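Per chain, numbering begins at 1; letters A, B, ... match sequence-line order. Keep in mind that what you see is a predicted model, and the values were worked out from it rather than measured. Values reported hereafter were calculated over all heavy atoms of this structure, with side chains retained and with hydrogens, waters and symmetry mates removed.
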There are 2 protein chains.
Amino acid sequence: MALRHAVLAALLDGELSGYQLAKAFDLGVANFWHALPQQLYAELTRLEKEGLVAGREVVQDARPNKRLFHVTADGLAALERFAAEAAKPSFVRDDLLVKVQAADHLDTDVLIAGLAERERFAEAKIELFGGLLRQMRGDRDEAEFLRHGERIGPYLTCLRGLAFERENRDWCRRSAEILRARRHQSRQAAEDATSPSSSSPARSRP
Amino acid sequence: MALRHAVLAALLDGELSGYQLAKAFDLGVANFWHALPQQLYAELTRLEKEGLVAGREVVQDARPNKRLFHVTADGLAALERFAAEAAKPSFVRDDLLVKVQAADHLDTDVLIAGLAERERFAEAKIELFGGLLRQMRGDRDEAEFLRHGERIGPYLTCLRGLAFERENRDWCRRSAEILRARRHQSRQAAEDATSPSSSSPARSRP
DNA sequence: GCATGATACTCAAGAAAGTGAGTAGTCAGA
DNA sequence: TCTGACTACTCACTTTCTTGAGTATCATGC
(Lines give C-alpha, C1' and ligand atoms only; values in the text may rest on other atoms or scores of the structure.)
Protein backbone atom coordinates (compact mmCIF):
# COMPACT_ATOMS: atom_id res chain seq x y z
CA MET A 1 0.00 0.00 0.00
CA ALA A 2 2.88 2.38 -0.53
CA LEU A 3 1.94 3.47 -4.04
CA ARG A 4 -0.78 5.68 -2.67
CA HIS A 5 1.66 7.31 -0.30
CA ALA A 6 4.18 7.74 -3.07
CA VAL A 7 1.50 9.55 -5.07
CA LEU A 8 0.69 11.76 -2.12
CA ALA A 9 4.38 12.52 -1.60
CA ALA A 10 4.80 13.43 -5.26
CA LEU A 11 1.79 15.74 -5.20
CA LEU A 12 3.18 17.69 -2.26
CA ASP A 13 5.48 19.51 -4.64
CA GLY A 14 2.56 21.11 -6.42
CA GLU A 15 -0.52 20.28 -8.43
CA LEU A 16 0.01 17.63 -11.07
CA SER A 17 -2.18 15.91 -13.62
CA GLY A 18 -2.28 12.14 -13.86
CA TYR A 19 -0.28 12.42 -17.03
CA GLN A 20 2.46 14.54 -15.46
CA LEU A 21 2.56 12.20 -12.51
CA ALA A 22 2.87 9.26 -14.87
CA LYS A 23 5.86 10.79 -16.59
CA ALA A 24 7.55 11.38 -13.26
CA PHE A 25 6.90 7.84 -12.06
CA ASP A 26 7.77 6.12 -15.27
CA LEU A 27 11.14 6.29 -16.90
CA GLY A 28 14.00 7.76 -15.00
CA VAL A 29 12.86 10.39 -12.64
CA ALA A 30 11.13 8.04 -10.25
CA ASN A 31 13.84 8.15 -7.62
CA PHE A 32 11.65 7.03 -4.77
CA TRP A 33 9.04 4.80 -6.39
CA HIS A 34 8.12 3.51 -9.80
CA ALA A 35 4.71 2.88 -11.33
CA LEU A 36 2.97 2.77 -14.69
CA PRO A 37 0.39 5.31 -15.87
CA GLN A 38 -2.55 2.95 -15.48
CA GLN A 39 -1.71 2.31 -11.86
CA LEU A 40 -1.43 6.01 -11.18
CA TYR A 41 -4.75 6.95 -12.76
CA ALA A 42 -6.40 4.16 -10.80
CA GLU A 43 -4.76 5.26 -7.58
CA LEU A 44 -5.70 8.90 -8.14
CA THR A 45 -9.32 7.86 -8.62
CA ARG A 46 -9.26 5.91 -5.37
CA LEU A 47 -7.50 8.71 -3.50
CA GLU A 48 -10.02 11.25 -4.71
CA LYS A 49 -12.91 9.00 -3.70
CA GLU A 50 -11.42 8.77 -0.21
CA GLY A 51 -10.84 12.51 -0.05
CA LEU A 52 -7.05 12.30 0.27
CA VAL A 53 -6.51 14.29 -2.91
CA ALA A 54 -8.75 16.77 -4.70
CA GLY A 55 -8.74 17.53 -8.40
CA ARG A 56 -9.82 20.50 -10.46
CA GLU A 57 -10.57 20.49 -14.16
CA VAL A 58 -8.35 22.70 -16.29
CA VAL A 59 -9.80 23.51 -19.69
CA GLN A 60 -7.22 23.74 -22.45
CA ASP A 61 -7.83 24.78 -26.02
CA ALA A 62 -4.86 23.30 -27.84
CA ARG A 63 -4.87 20.04 -25.87
CA PRO A 64 -7.30 17.72 -24.13
CA ASN A 65 -8.53 19.05 -20.82
CA LYS A 66 -6.79 17.75 -17.76
CA ARG A 67 -7.35 17.39 -14.06
CA LEU A 68 -4.81 18.79 -11.64
CA PHE A 69 -4.63 17.14 -8.25
CA HIS A 70 -3.46 18.34 -4.89
CA VAL A 71 -3.20 16.74 -1.46
CA THR A 72 -5.95 17.52 1.06
CA ALA A 73 -5.55 17.85 4.82
CA ASP A 74 -6.79 14.27 5.17
CA GLY A 75 -4.19 13.22 2.63
CA LEU A 76 -1.43 14.85 4.59
CA ALA A 77 -2.67 13.16 7.76
CA ALA A 78 -2.58 9.80 5.97
CA LEU A 79 1.02 10.45 4.93
CA GLU A 80 1.85 11.36 8.49
CA ARG A 81 0.41 8.06 9.72
CA PHE A 82 2.31 6.21 7.01
CA ALA A 83 5.58 7.86 8.06
CA ALA A 84 5.01 6.71 11.63
CA GLU A 85 4.67 3.05 10.61
CA ALA A 86 7.80 0.92 10.59
CA ALA A 87 9.23 0.97 7.07
CA LYS A 88 9.62 -2.51 5.72
CA PRO A 89 13.14 -3.23 4.52
CA SER A 90 13.50 -2.79 0.80
CA PHE A 91 14.77 -5.89 -0.94
CA VAL A 92 16.71 -6.25 -4.13
CA ARG A 93 14.78 -7.56 -7.09
CA ASP A 94 16.73 -7.36 -10.28
CA ASP A 95 16.72 -9.51 -13.40
CA LEU A 96 20.33 -8.71 -14.09
CA LEU A 97 21.48 -9.89 -10.68
CA VAL A 98 19.67 -13.18 -11.21
CA LYS A 99 21.61 -13.63 -14.42
CA VAL A 100 24.93 -12.78 -12.81
CA GLN A 101 24.17 -15.16 -9.95
CA ALA A 102 24.10 -17.91 -12.55
CA ALA A 103 27.18 -16.53 -14.34
CA ASP A 104 29.30 -19.65 -13.95
CA HIS A 105 26.78 -21.73 -15.88
CA LEU A 106 25.78 -19.31 -18.65
CA ASP A 107 27.18 -17.82 -21.82
CA THR A 108 29.62 -15.12 -20.76
CA ASP A 109 29.17 -12.95 -23.86
CA VAL A 110 25.47 -12.58 -23.23
CA LEU A 111 26.09 -11.55 -19.64
CA ILE A 112 28.74 -9.03 -20.57
CA ALA A 113 26.35 -7.50 -23.10
CA GLY A 114 23.67 -7.24 -20.40
CA LEU A 115 26.10 -5.61 -17.99
CA ALA A 116 27.21 -3.13 -20.64
CA GLU A 117 23.64 -2.18 -21.42
CA ARG A 118 22.82 -1.67 -17.77
CA GLU A 119 25.95 0.41 -17.40
CA ARG A 120 24.81 2.72 -20.17
CA PHE A 121 21.38 2.98 -18.60
CA ALA A 122 22.90 3.83 -15.24
CA GLU A 123 25.14 6.44 -16.86
CA ALA A 124 22.09 8.09 -18.43
CA LYS A 125 20.32 8.21 -15.08
CA ILE A 126 23.39 9.66 -13.42
CA GLU A 127 23.33 12.50 -15.94
CA LEU A 128 19.63 12.96 -15.39
CA PHE A 129 19.87 13.01 -11.62
CA GLY A 130 22.84 15.35 -11.73
CA GLY A 131 20.82 17.80 -13.77
CA LEU A 132 17.82 17.49 -11.48
CA LEU A 133 19.93 18.19 -8.43
CA ARG A 134 21.50 21.25 -10.03
CA GLN A 135 18.06 22.48 -10.95
CA MET A 136 16.69 21.97 -7.45
CA ARG A 137 19.51 23.76 -5.66
CA GLY A 138 19.70 26.60 -8.20
CA ASP A 139 22.67 28.86 -7.64
CA ARG A 140 23.32 27.72 -4.08
CA ASP A 141 25.99 25.14 -3.33
CA GLU A 142 24.87 21.81 -1.92
CA ALA A 143 25.80 22.33 1.73
CA GLU A 144 24.07 25.68 1.79
CA PHE A 145 20.99 24.29 0.07
CA LEU A 146 20.77 21.35 2.46
CA ARG A 147 20.99 23.70 5.43
CA HIS A 148 18.51 26.32 4.30
CA GLY A 149 16.67 25.12 1.18
CA GLU A 150 12.91 25.06 1.50
CA ARG A 151 12.20 21.61 0.05
CA ILE A 152 14.97 19.11 0.62
CA GLY A 153 12.87 15.92 0.55
CA PRO A 154 13.08 15.48 -3.22
CA TYR A 155 16.72 16.49 -3.11
CA LEU A 156 17.59 13.79 -0.59
CA THR A 157 15.77 11.06 -2.51
CA CYS A 158 17.46 12.22 -5.68
CA LEU A 159 20.84 11.96 -3.95
CA ARG A 160 19.95 8.38 -3.05
CA GLY A 161 19.02 7.66 -6.63
CA LEU A 162 22.28 9.15 -7.85
CA ALA A 163 24.36 7.09 -5.42
CA PHE A 164 22.44 3.97 -6.41
CA GLU A 165 23.06 4.47 -10.11
CA ARG A 166 26.72 5.25 -9.54
CA GLU A 167 27.15 2.01 -7.64
CA ASN A 168 25.23 0.25 -10.34
CA ARG A 169 27.46 1.61 -13.07
CA ASP A 170 30.65 0.80 -11.22
CA TRP A 171 29.54 -2.69 -10.35
CA CYS A 172 28.49 -3.40 -13.95
CA ARG A 173 31.80 -2.15 -15.25
CA ARG A 174 33.84 -4.13 -12.78
CA SER A 175 31.84 -7.33 -13.17
CA ALA A 176 32.08 -7.17 -16.94
CA GLU A 177 35.84 -6.69 -16.70
CA ILE A 178 36.18 -9.68 -14.42
CA LEU A 179 34.11 -11.85 -16.74
CA ARG A 180 36.12 -10.69 -19.74
CA ALA A 181 39.40 -11.50 -18.01
CA ARG A 182 38.17 -14.99 -17.11
CA ARG A 183 36.88 -15.60 -20.62
CA HIS A 184 40.27 -14.65 -21.98
CA GLN A 185 41.98 -17.00 -19.54
CA SER A 186 39.77 -19.92 -20.38
CA ARG A 187 40.39 -19.38 -24.08
CA GLN A 188 44.11 -19.35 -23.46
CA ALA A 189 43.84 -22.52 -21.42
CA ALA A 190 41.76 -24.22 -24.10
CA GLU A 191 44.21 -23.28 -26.80
CA ASP A 192 47.20 -24.40 -24.77
CA ALA A 193 45.53 -27.71 -24.05
CA THR A 194 44.40 -28.65 -27.57
CA SER A 195 47.05 -27.23 -29.88
CA PRO A 196 49.51 -24.65 -28.62
CA SER A 197 50.04 -21.72 -31.05
CA SER A 198 47.00 -22.66 -33.15
CA SER A 199 44.15 -20.24 -33.82
CA SER A 200 41.21 -22.25 -32.56
CA PRO A 201 37.87 -20.40 -32.75
CA ALA A 202 37.27 -18.39 -29.61
CA ARG A 203 34.56 -19.91 -27.47
CA SER A 204 32.88 -17.72 -24.94
CA ARG A 205 31.40 -20.49 -22.82
CA PRO A 206 34.11 -21.56 -20.38
CA MET B 1 8.54 -14.19 -14.34
CA ALA B 2 11.96 -13.74 -12.80
CA LEU B 3 11.21 -15.56 -9.56
CA ARG B 4 11.41 -18.90 -11.33
CA HIS B 5 14.77 -17.95 -12.79
CA ALA B 6 15.98 -16.75 -9.43
CA VAL B 7 15.07 -20.15 -8.00
CA LEU B 8 16.91 -21.90 -10.81
CA ALA B 9 19.95 -19.68 -10.27
CA ALA B 10 19.93 -20.42 -6.55
CA LEU B 11 19.71 -24.17 -7.13
CA LEU B 12 22.77 -24.12 -9.37
CA ASP B 13 24.94 -23.96 -6.29
CA GLY B 14 23.78 -27.38 -5.17
CA GLU B 15 20.70 -29.28 -4.16
CA LEU B 16 18.45 -27.44 -1.76
CA SER B 17 15.15 -28.15 -0.07
CA GLY B 18 12.30 -25.69 -0.27
CA TYR B 19 12.96 -24.83 3.33
CA GLN B 20 16.65 -24.08 2.77
CA LEU B 21 15.76 -22.07 -0.30
CA ALA B 22 13.22 -20.13 1.72
CA LYS B 23 15.79 -19.21 4.33
CA ALA B 24 18.17 -17.99 1.62
CA PHE B 25 15.48 -15.91 -0.09
CA ASP B 26 13.99 -14.50 3.03
CA LEU B 27 15.92 -12.48 5.52
CA GLY B 28 19.22 -11.06 4.56
CA VAL B 29 21.03 -13.38 2.27
CA ALA B 30 18.81 -12.76 -0.72
CA ASN B 31 21.26 -10.54 -2.53
CA PHE B 32 19.79 -11.05 -5.98
CA TRP B 33 16.08 -11.61 -5.33
CA HIS B 34 13.67 -11.78 -2.44
CA ALA B 35 10.66 -14.02 -1.90
CA LEU B 36 8.63 -15.62 0.87
CA PRO B 37 8.53 -19.35 1.60
CA GLN B 38 5.03 -19.82 0.20
CA GLN B 39 6.04 -18.38 -3.15
CA LEU B 40 9.08 -20.60 -3.30
CA TYR B 41 7.23 -23.82 -2.53
CA ALA B 42 4.65 -22.90 -5.15
CA GLU B 43 7.32 -22.06 -7.68
CA LEU B 44 9.21 -25.29 -7.00
CA THR B 45 6.03 -27.26 -7.59
CA ARG B 46 5.47 -25.51 -10.91
CA LEU B 47 9.10 -25.89 -11.95
CA GLU B 48 9.02 -29.59 -11.17
CA LYS B 49 5.79 -30.03 -13.15
CA GLU B 50 7.47 -28.38 -16.13
CA GLY B 51 10.59 -30.46 -15.72
CA LEU B 52 12.94 -27.56 -15.06
CA VAL B 53 13.92 -28.91 -11.68
CA ALA B 54 13.82 -32.43 -10.27
CA GLY B 55 13.44 -33.38 -6.62
CA ARG B 56 14.38 -36.41 -4.62
CA GLU B 57 12.97 -37.39 -1.27
CA VAL B 58 15.45 -37.55 1.57
CA VAL B 59 14.27 -39.57 4.55
CA GLN B 60 15.42 -38.22 7.89
CA ASP B 61 14.90 -39.78 11.27
CA ALA B 62 15.38 -36.86 13.61
CA ARG B 63 13.44 -34.41 11.42
CA PRO B 64 10.60 -34.40 8.90
CA ASN B 65 11.56 -35.77 5.52
CA LYS B 66 12.50 -33.25 2.88
CA ARG B 67 12.79 -32.96 -0.86
CA LEU B 68 16.07 -31.78 -2.36
CA PHE B 69 15.83 -30.11 -5.76
CA HIS B 70 18.33 -29.69 -8.54
CA VAL B 71 18.19 -28.00 -11.94
CA THR B 72 17.65 -30.21 -14.98
CA ALA B 73 19.12 -29.71 -18.45
CA ASP B 74 15.81 -28.12 -19.49
CA GLY B 75 16.06 -25.83 -16.51
CA LEU B 76 19.52 -24.71 -17.47
CA ALA B 77 18.32 -24.07 -21.02
CA ALA B 78 15.48 -21.95 -19.64
CA LEU B 79 17.99 -19.92 -17.64
CA GLU B 80 20.09 -19.51 -20.74
CA ARG B 81 17.09 -18.14 -22.65
CA PHE B 82 16.27 -15.85 -19.75
CA ALA B 83 19.81 -14.48 -19.74
CA ALA B 84 19.55 -13.67 -23.43
CA GLU B 85 16.39 -11.57 -22.93
CA ALA B 86 16.83 -7.86 -22.33
CA ALA B 87 16.89 -7.28 -18.57
CA LYS B 88 14.25 -4.79 -17.57
CA PRO B 89 15.69 -1.90 -15.61
CA SER B 90 15.30 -2.34 -11.87
CA PHE B 91 13.48 0.50 -10.20
CA VAL B 92 13.66 1.74 -6.69
CA ARG B 93 10.71 0.89 -4.49
CA ASP B 94 11.26 1.82 -0.92
CA ASP B 95 8.86 2.94 1.79
CA LEU B 96 11.57 4.94 3.47
CA LEU B 97 12.34 6.95 0.34
CA VAL B 98 8.66 7.81 0.00
CA LYS B 99 8.74 9.16 3.53
CA VAL B 100 11.88 11.18 2.93
CA GLN B 101 10.42 12.55 -0.29
CA ALA B 102 7.71 14.09 1.87
CA ALA B 103 10.22 15.18 4.53
CA ASP B 104 9.41 18.89 4.33
CA HIS B 105 5.80 18.25 5.29
CA LEU B 106 6.20 15.59 7.96
CA ASP B 107 7.34 15.24 11.55
CA THR B 108 11.14 15.29 11.46
CA ASP B 109 11.63 13.15 14.58
CA VAL B 110 9.69 10.28 13.08
CA LEU B 111 11.76 10.42 9.92
CA ILE B 112 15.04 10.52 11.78
CA ALA B 113 13.97 7.48 13.77
CA GLY B 114 13.15 5.66 10.54
CA LEU B 115 16.49 6.57 9.04
CA ALA B 116 18.32 5.39 12.15
CA GLU B 117 16.52 2.07 12.09
CA ARG B 118 17.32 1.53 8.44
CA GLU B 119 20.92 2.44 9.11
CA ARG B 120 21.14 -0.29 11.75
CA PHE B 121 19.54 -2.76 9.39
CA ALA B 122 22.00 -1.85 6.64
CA GLU B 123 24.90 -2.21 9.06
CA ALA B 124 23.76 -5.70 9.97
CA LYS B 125 23.57 -6.69 6.31
CA ILE B 126 27.01 -5.26 5.67
CA GLU B 127 28.38 -7.53 8.39
CA LEU B 128 26.49 -10.47 6.98
CA PHE B 129 27.63 -9.91 3.40
CA GLY B 130 31.20 -9.34 4.54
CA GLY B 131 31.17 -12.71 6.27
CA LEU B 132 29.62 -14.43 3.27
CA LEU B 133 32.24 -13.01 0.95
CA ARG B 134 35.08 -14.14 3.23
CA GLN B 135 33.53 -17.57 3.38
CA MET B 136 33.17 -17.83 -0.39
CA ARG B 137 36.71 -16.80 -1.20
CA GLY B 138 38.24 -18.85 1.61
CA ASP B 139 41.94 -18.21 2.07
CA ARG B 140 42.45 -16.54 -1.30
CA ASP B 141 42.47 -12.77 -1.63
CA GLU B 142 39.71 -11.16 -3.63
CA ALA B 143 41.60 -10.40 -6.83
CA GLU B 144 42.94 -13.94 -6.97
CA PHE B 145 39.51 -15.42 -6.26
CA LEU B 146 37.85 -13.31 -8.94
CA ARG B 147 40.47 -14.40 -11.47
CA HIS B 148 40.49 -18.11 -10.74
CA GLY B 149 37.65 -18.99 -8.36
CA GLU B 150 35.27 -21.65 -9.64
CA ARG B 151 31.96 -19.98 -8.83
CA ILE B 152 32.05 -16.21 -8.91
CA GLY B 153 28.38 -15.57 -9.75
CA PRO B 154 27.22 -15.56 -6.13
CA TYR B 155 30.31 -13.59 -5.16
CA LEU B 156 29.55 -10.83 -7.66
CA THR B 157 25.92 -10.52 -6.60
CA CYS B 158 27.03 -10.43 -2.98
CA LEU B 159 29.44 -7.61 -3.81
CA ARG B 160 26.51 -5.72 -5.31
CA GLY B 161 24.49 -6.31 -2.17
CA LEU B 162 27.35 -5.09 -0.01
CA ALA B 163 27.80 -1.92 -2.05
CA PHE B 164 24.06 -1.30 -1.93
CA GLU B 165 23.88 -1.60 1.82
CA ARG B 166 26.93 0.59 2.32
CA GLU B 167 25.34 3.31 0.23
CA ASN B 168 22.16 2.81 2.13
CA ARG B 169 23.86 3.20 5.48
CA ASP B 170 25.79 6.28 4.42
CA TRP B 171 22.76 7.93 2.91
CA CYS B 172 20.66 7.26 6.02
CA ARG B 173 23.36 8.65 8.25
CA ARG B 174 23.87 11.76 6.17
CA SER B 175 20.16 12.44 5.66
CA ALA B 176 19.47 12.08 9.37
CA GLU B 177 22.27 14.50 10.15
CA ILE B 178 20.91 17.04 7.70
CA LEU B 179 17.42 16.76 9.15
CA ARG B 180 18.77 17.11 12.68
CA ALA B 181 20.71 20.21 11.75
CA ARG B 182 17.65 21.78 10.16
CA ARG B 183 15.46 20.90 13.12
CA HIS B 184 17.97 22.52 15.41
CA GLN B 185 18.02 25.64 13.25
CA SER B 186 14.27 25.95 13.13
CA ARG B 187 14.08 25.57 16.89
CA GLN B 188 16.63 28.30 17.30
CA ALA B 189 14.75 30.51 14.89
CA ALA B 190 11.47 29.87 16.70
CA GLU B 191 13.00 30.67 20.05
CA ASP B 192 14.64 33.83 18.76
CA ALA B 193 11.39 34.96 17.19
CA THR B 194 9.03 34.41 20.13
CA SER B 195 11.09 35.14 23.22
CA PRO B 196 14.85 35.33 23.06
CA SER B 197 16.56 33.43 25.92
CA SER B 198 13.31 31.72 26.96
CA SER B 199 13.02 27.93 27.25
CA SER B 200 10.09 27.31 24.93
CA PRO B 201 9.31 23.60 24.45
CA ALA B 202 11.27 22.22 21.53
CA ARG B 203 9.03 21.43 18.58
CA SER B 204 10.32 19.06 15.97
CA ARG B 205 7.93 20.03 13.20
CA PRO B 206 9.53 23.01 11.45
C1' DG C 1 7.01 -31.15 31.90
C1' DC C 2 6.05 -27.33 29.24
C1' DA C 3 6.93 -23.51 26.41
C1' DT C 4 9.84 -22.11 22.63
C1' DG C 5 11.87 -22.49 18.41
C1' DA C 6 13.71 -25.08 14.57
C1' DT C 7 12.67 -28.19 10.64
C1' DA C 8 9.58 -29.04 6.81
C1' DC C 9 5.75 -28.00 4.51
C1' DT C 10 0.53 -26.72 2.65
C1' DC C 11 -3.77 -24.09 1.64
C1' DA C 12 -6.66 -20.16 0.81
C1' DA C 13 -7.69 -15.45 0.01
C1' DG C 14 -6.79 -10.91 -1.01
C1' DA C 15 -4.00 -6.85 -2.26
C1' DA C 16 -0.80 -4.98 -5.39
C1' DA C 17 1.44 -4.68 -9.65
C1' DG C 18 1.92 -5.48 -14.54
C1' DT C 19 0.12 -6.04 -19.51
C1' DG C 20 -2.38 -5.02 -23.53
C1' DA C 21 -5.48 -2.54 -26.01
C1' DG C 22 -8.09 1.49 -27.11
C1' DT C 23 -9.91 6.59 -27.59
C1' DA C 24 -9.22 11.14 -29.35
C1' DG C 25 -7.38 15.46 -30.53
C1' DT C 26 -2.90 18.36 -31.74
C1' DC C 27 1.36 19.40 -33.87
C1' DA C 28 5.70 18.99 -36.50
C1' DG C 29 8.15 17.17 -40.15
C1' DA C 30 8.65 14.34 -44.66
C1' DT D 1 -1.38 14.69 -46.59
C1' DC D 2 0.30 11.16 -44.08
C1' DT D 3 3.16 9.42 -40.40
C1' DG D 4 4.63 9.51 -36.02
C1' DA D 5 4.98 11.59 -31.54
C1' DC D 6 2.83 14.09 -27.71
C1' DT D 7 -1.00 15.14 -24.51
C1' DA D 8 -4.54 13.03 -21.68
C1' DC D 9 -6.92 9.32 -20.21
C1' DT D 10 -9.79 4.58 -19.60
C1' DC D 11 -11.03 -0.42 -19.38
C1' DA D 12 -10.23 -5.21 -18.81
C1' DC D 13 -7.41 -8.93 -17.59
C1' DT D 14 -3.58 -11.61 -15.67
C1' DT D 15 0.30 -12.40 -12.91
C1' DT D 16 2.71 -11.78 -8.85
C1' DC D 17 3.14 -10.86 -4.11
C1' DT D 18 1.63 -10.73 0.57
C1' DT D 19 -0.98 -12.19 4.67
C1' DG D 20 -2.68 -15.37 7.73
C1' DA D 21 -3.58 -19.70 9.21
C1' DG D 22 -2.55 -24.51 9.87
C1' DT D 23 -0.02 -29.41 10.38
C1' DA D 24 3.43 -32.35 12.43
C1' DT D 25 7.78 -33.82 14.68
C1' DC D 26 11.92 -33.09 17.39
C1' DA D 27 15.39 -30.63 20.33
C1' DT D 28 16.54 -27.22 23.78
C1' DG D 29 16.26 -24.80 27.86
C1' DC D 30 13.90 -23.20 32.21
For this session: Could you list the residues that satisfy salt bridge (Lys or Arg N to Asp or Glu O under 4.0 Å) with B:Asp74, not counting sequence neighbours?
Result: none
Problem set entry | Protein-nucleotide distance (A:Gln60, atom CD; C:dC27, atom C1'), rounded to Å | 14 Å
Seminar exercise, completed: Result for 5'-nearest mapping on DNA chain C, choosing between B:Arg67 and A:Leu3, is B:Arg67
For this session: Mind calculating the distance between OH (B:Tyr41) and P (C:dA12) to the nearest angstrom?
Result: 17 Å
Problem set entry | Beyond-backbone contact of B:Val58 with B:Asn65, side-chain heavy atoms, under 4.5 angstrom | no
Problem set entry | Residue met sooner reading DNA chain C from 5', once A:Arg4 and A:Pro64 are mapped to nucleotides | A:Arg4
Exercise. Rounded to the Å, how far apart are B:Lys88 NZ and C:dA17 P?
Worked result: 16 Å
Problem set entry | Of B:Arg46 and A:Arg63, the one whose closest DNA chain D nucleotide lies more 5' | A:Arg63
Problem set entry | Whole-Å gap separating P (C:dA21) and CG (A:Leu36) | 15 Å
For this session: Mind calculating the distance between NZ (A:Lys66) and P (C:dT26) to the nearest angstrom?
Result: 16 Å
Problem set entry | Residues A:Glu127, A:Arg169: salt bridge by 4.0 Å N-O rule | no
Problem set entry | Opening and closing nucleotides of DNA chain D in contact with chain A, under 4.0 Å to non-hydrogen atoms | D:dC6 to D:dT19
Seminar exercise, completed: Which of C:dC9, C:dT7, C:dA17 is nearest the side chain of A:Gln39? It is C:dA17
Exercise. Is it true that B:Glu48 and B:Arg67 have a side-chain N and a carboxylate O under 4.0 angstrom from each other?
Worked result: yes
Can you give the donor-acceptor pairs under 3.5 Å from side chains of residues 110-120 of chain B to other protein atoms, not counting sequence neighbours?
unit_1: B:Arg118; atom_1: NH1; unit_2: B:Asp94; atom_2: OD1; d: 3.4
unit_1: B:Arg118; atom_1: NH1; unit_2: B:Asp94; atom_2: OD2; d: 2.9
unit_1: B:Arg118; atom_1: NH2; unit_2: A:Lys88; atom_2: O; d: 3.3
unit_1: B:Arg118; atom_1: NH2; unit_2: B:Asp94; atom_2: OD1; d: 3.2
unit_1: B:Glu119; atom_1: OE2; unit_2: B:Arg173; atom_2: NE; d: 3.0
unit_1: B:Glu119; atom_1: OE2; unit_2: B:Arg173; atom_2: NH2; d: 3.3

For this session: Indicate, with a heavy-atom threshold strictly under 4.0 Å, whether B:Arg93 touches base, sugar-phosphate, or nothing.
Result: sugar-phosphate
Exercise. Which of parallel (below 30°), tilted (30 to 60°) and perpendicular (above 60°) describes A:Phe32 and A:Phe25?
Worked result: perpendicular
Exercise. Could you state the CD-C1' distance from B:Gln38 to C:dA15, rounded to the nearest angstrom?
Worked result: 15 Å
Exercise. CG of B:Asp26 versus P of C:dT7: gap in Å, rounded?
Worked result: 13 Å
For this session: Validate the cation-pi geometry between A:Arg160 and B:Phe164: distance from NZ or CZ to the six-membered ring centre under 6.0 Å, angle to the ring axis within 45°.
Result: yes
Exercise. Taking atom P of C:dA24 as reference, at what distance in whole Å does atom OH of A:Tyr19 sit?
Worked result: 18 Å
